[in-house]
There are 2 protein chains.
Amino acid sequence: MATGRTHRLPTRSRGIPEATVARLPLYLRALTALSERSVPTVSSEELAAAAGVNSAKLRKDFSYLGSYGTRGVGYDVEYLVYQISRELGLTQDWPVVIVGIGNLGAALANYGGFASRGFRVAALIDADPAMAGKPVAGIAVQHTDELESIISDNGVSIGVIATPAGAAQQVCERLVAAGVTSILNFAPTVLSVPDGVDVRKVDLSIELQILAFHEQRKAGEEAAQDAAQAGATAPAPARPGRVLPDPAARPTTAGATTGPAPAAATAPVTSADVRDNQGPDGDVPAVMPA
Amino acid sequence: MATGRTHRLPTRSRGIPEATVARLPLYLRALTALSERSVPTVSSEELAAAAGVNSAKLRKDFSYLGSYGTRGVGYDVEYLVYQISRELGLTQDWPVVIVGIGNLGAALANYGGFASRGFRVAALIDADPAMAGKPVAGIAVQHTDELESIISDNGVSIGVIATPAGAAQQVCERLVAAGVTSILNFAPTVLSVPDGVDVRKVDLSIELQILAFHEQRKAGEEAAQDAAQAGATAPAPARPGRVLPDPAARPTTAGATTGPAPAAATAPVTSADVRDNQGPDGDVPAVMPA
DNA sequence: ATGCCTTTGTGAACGCGTGCACAAAGATGG
DNA sequence: CCATCTTTGTGCACGCGTTCACAAAGGCAT
């Protein structure tokens with residue numbers, strides 16, 4: 001069972017820490033803006049502020065790329081833009097396919113940020129025959145049947161999945177089998193891929209839940225403070241509370257009844273099960289970035 | 001001017017590590033799926049597989065919530081669903097506003113994952129007067145002028161920004177001033193917010209760039225291996241050959257003219273097929289999709 | 001009851017990422 | 001050519017996050 005987990009590689013790809021790689025696009029964006037304003041050089045302090053990071057961190061990040069700065073002066077904007085672009089592999093053109101042209105897929109297809117950074121939408125693919133031929137963002141949608149040939153003919157190595165959760169794993173497997181080695185997944189599902197394939201996921205639902213957690217925490221602390229200070233501030237509008245019924249007591253081994261014991265031991269819920277784990281709810285894809 | 005950084009201070013919110021919080025939604029999704037299949041209990045091993053993580057990590061994550069498992073048996077699915085939901089603050093209803101109803105904003109509005117997880121779209125807001133009143137996903141779009149009153153009237157504390165990059169910061173400030181304390185940003189910009197406000201960003205462009213980096217690395221290693229196996233001669237680059245010679249000489253402060261110094265950065269990639277990145281300049285920062 | 005077997009919960013080691021603080025490098029002015 | 005000032009590049013320490021490995025806990029069969 002080569003249930004390749006997500007990305008579990010040498011973490012440090014050829015010397016450049018993953019955390020640094022994730023920030024390079026941020027620096028690149030800030031630098032591009034400076035470049036357009038014809039700013040010749042920037043100090044680590046200025047650039048760090050623009051990118052929203054610590055200047056020491058920025059300098060260390062750049063140190064992994066080499067010594068591209070000039071002490072006492074800063075970094076040459078144009079030169080740095082080129083170096084980072086090269087490091088990120090943006091000096092070449094990356095054909096990309098988007099699978100699943102629903103609301104989200106269409107939004108992605110229309111996203112202007114593709115072309116401007118070295119990415120080119122090579123094809124839009126959807127399983128709905130009715131969509132075939134329809135132009136979206138100026139590109140005719142093609143049917144899933146042609147997925148393999150499209151990828152092969154265009155040398156596509158990056159695929160974007162914007163399908164419903166239920167179709168994601170299958171689409172993923174076809175993409176990988178056809179030669180795709182990097183996938184950006186917008187479907188709310190955990191994708192299983194073989195080693196060597198990179199998967200990055202973007203999930204609106206998860207992001208919101210994380211925010212909700214912090215929001216709840218903030219509300220709690222605030223309440224505690226208010227209580228302590230005895231109503232210094234006006235009581236915030238009570239949020240509509242939809243309280244879930246508490247399953248009451250924790251299941252203390254009790255459930256003796258339905259105990260045919262579906263045998264948890266023997267069937268370690270593996271890939272087969274995981275596969276159908278799809279959307280708990282009819283979850284439609286989700287999220288998207290900008 | 002409180003150039004508030006993102007969120008990075010309390011790191012460990014009330015004992016639960018941030019990394020753990022980020023995984024809870026993942027567990028919750030897997031558990032919900034099991035719940036719908038009426039599976040009574042799961043072992044950490046099974047659940048970890050379904051969520052795509054290490055079982056030890058999962059157990060440690062749960063240990064921060066309390067001892068909800070039964071040794072020798074595993075975790076009660078229903079009970080755990082409740083506990084995690086409660087911890088994430090999903091037992092209450094969170095009204096959310098989406099600002100910027102373009103392609104992306106509309107896609108988000110249509111996303112089914114909202115309601116299913118305790119989130120409710122309270123309002124759709126757009127700056128275009130022509131959009132006002134138009135129904136999107138069954139909700140009438142409202143004009144930006146009403147932003148403050150909408151937030152106040154509905155007690156909204158979570159806002160989603162799906163506007164073009166240029167408008168994001170301004171919208172953000174209005175949201176925060178109106179009472180929003182958590183923001184999910186889809187615009188490709190770094191938002192500055194005061195302390196106490198959480199910001200999470202989703203950026204397609206960045207994700208793709210990270211994938212491109214790894215893709216390029218893979219291509220490089222592959223080429224190296226091929227070369228080694230093929231007799232270790234001729235650095236035959238595989239696919240989109242990378243291997244670009246350091247083009248522009250680094251700006252060694254040389255030019256006496258501190259002026260604009262167009263810099264040779266545009267660097268015509270001397271070597272073969274490596275297409276030069278699109279325009280050394282036309283790189284428009286991007287207008288959000290939408 | 002008793003012993004076996006499964007699975008949790010966690011102590012401890014390890015590695016990555018972050019941020020401080022500073023010496024070295026280089027520009028600039030005299 | 002030398003002094004001074006600015007900014008880079010990085011050694012070092014600290015803390016979070018991950019993973020291993022195992023003792024304790026509890027079910028289950030005998």
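Every chain is numbered from 1 and lettered A, B, ... according to where its sequence line falls, protein lines coming before strand lines.
Atom CG of L80(A) is separated from atom C1' of dT7(D) by 15 Å (rounded to the nearest Å). Between Y64(A) atom OH and dT18(C) atom P there is a gap of 9 Å when expressed in whole angstrom units.
A close approach under 4.0 Å does occur between a side-chain nitrogen or oxygen of Y75(A) and OP1 or OP2 of dG9(D). At dC20(C), none of the side-chain N or O atoms of R59(A) fall inside 4.0 Å of OP1 or OP2 (strictly under the cut-off). Of the side-chain N and O atoms in S44(A), one or more sit less than 4.0 angstrom from OP1 or OP2 of dT8(D). In terms of phosphate contacts, N54(A) brings a side-chain nitrogen or oxygen within less than 4.0 Å of OP1 or OP2 of dC20(C).
Residue-to-nucleotide contacts include no donor-acceptor pair under 3.5 Å from the side chain of R71(B) to the base of dT7(C). Side-chain atoms of K60(A) stay outside donor-acceptor range of the base of dG17(C), with no qualifying N/O pair under 3.5 Å.
In this structure, the side chain of R59(A) does not engage the main chain of S44(A) through any donor-acceptor pair within 3.5 Å. Remark: the backbone N or O of E46(B) is paired with a side-chain donor or acceptor of S43(B) at under 3.5 angstrom.
Listed nucleotides dG26(D), dG17(C), dT7(C) differ in distance to E18(A); the shortest reach to its side chain belongs to dG17(C). Closest to the side chain of A56(A), out of dA21(C), dT18(D), dC20(D), is dA21(C).
Judged purely by distance below 3.5 Å, without hydrogens or angles, the side chains of E36(A) and T32(A) never pair a donor atom with an acceptor atom.
The OG atom of S67(A) sits 8.5 Å away from the OH atom of Y75(A) when rounded to the nearest 0.5 Å.
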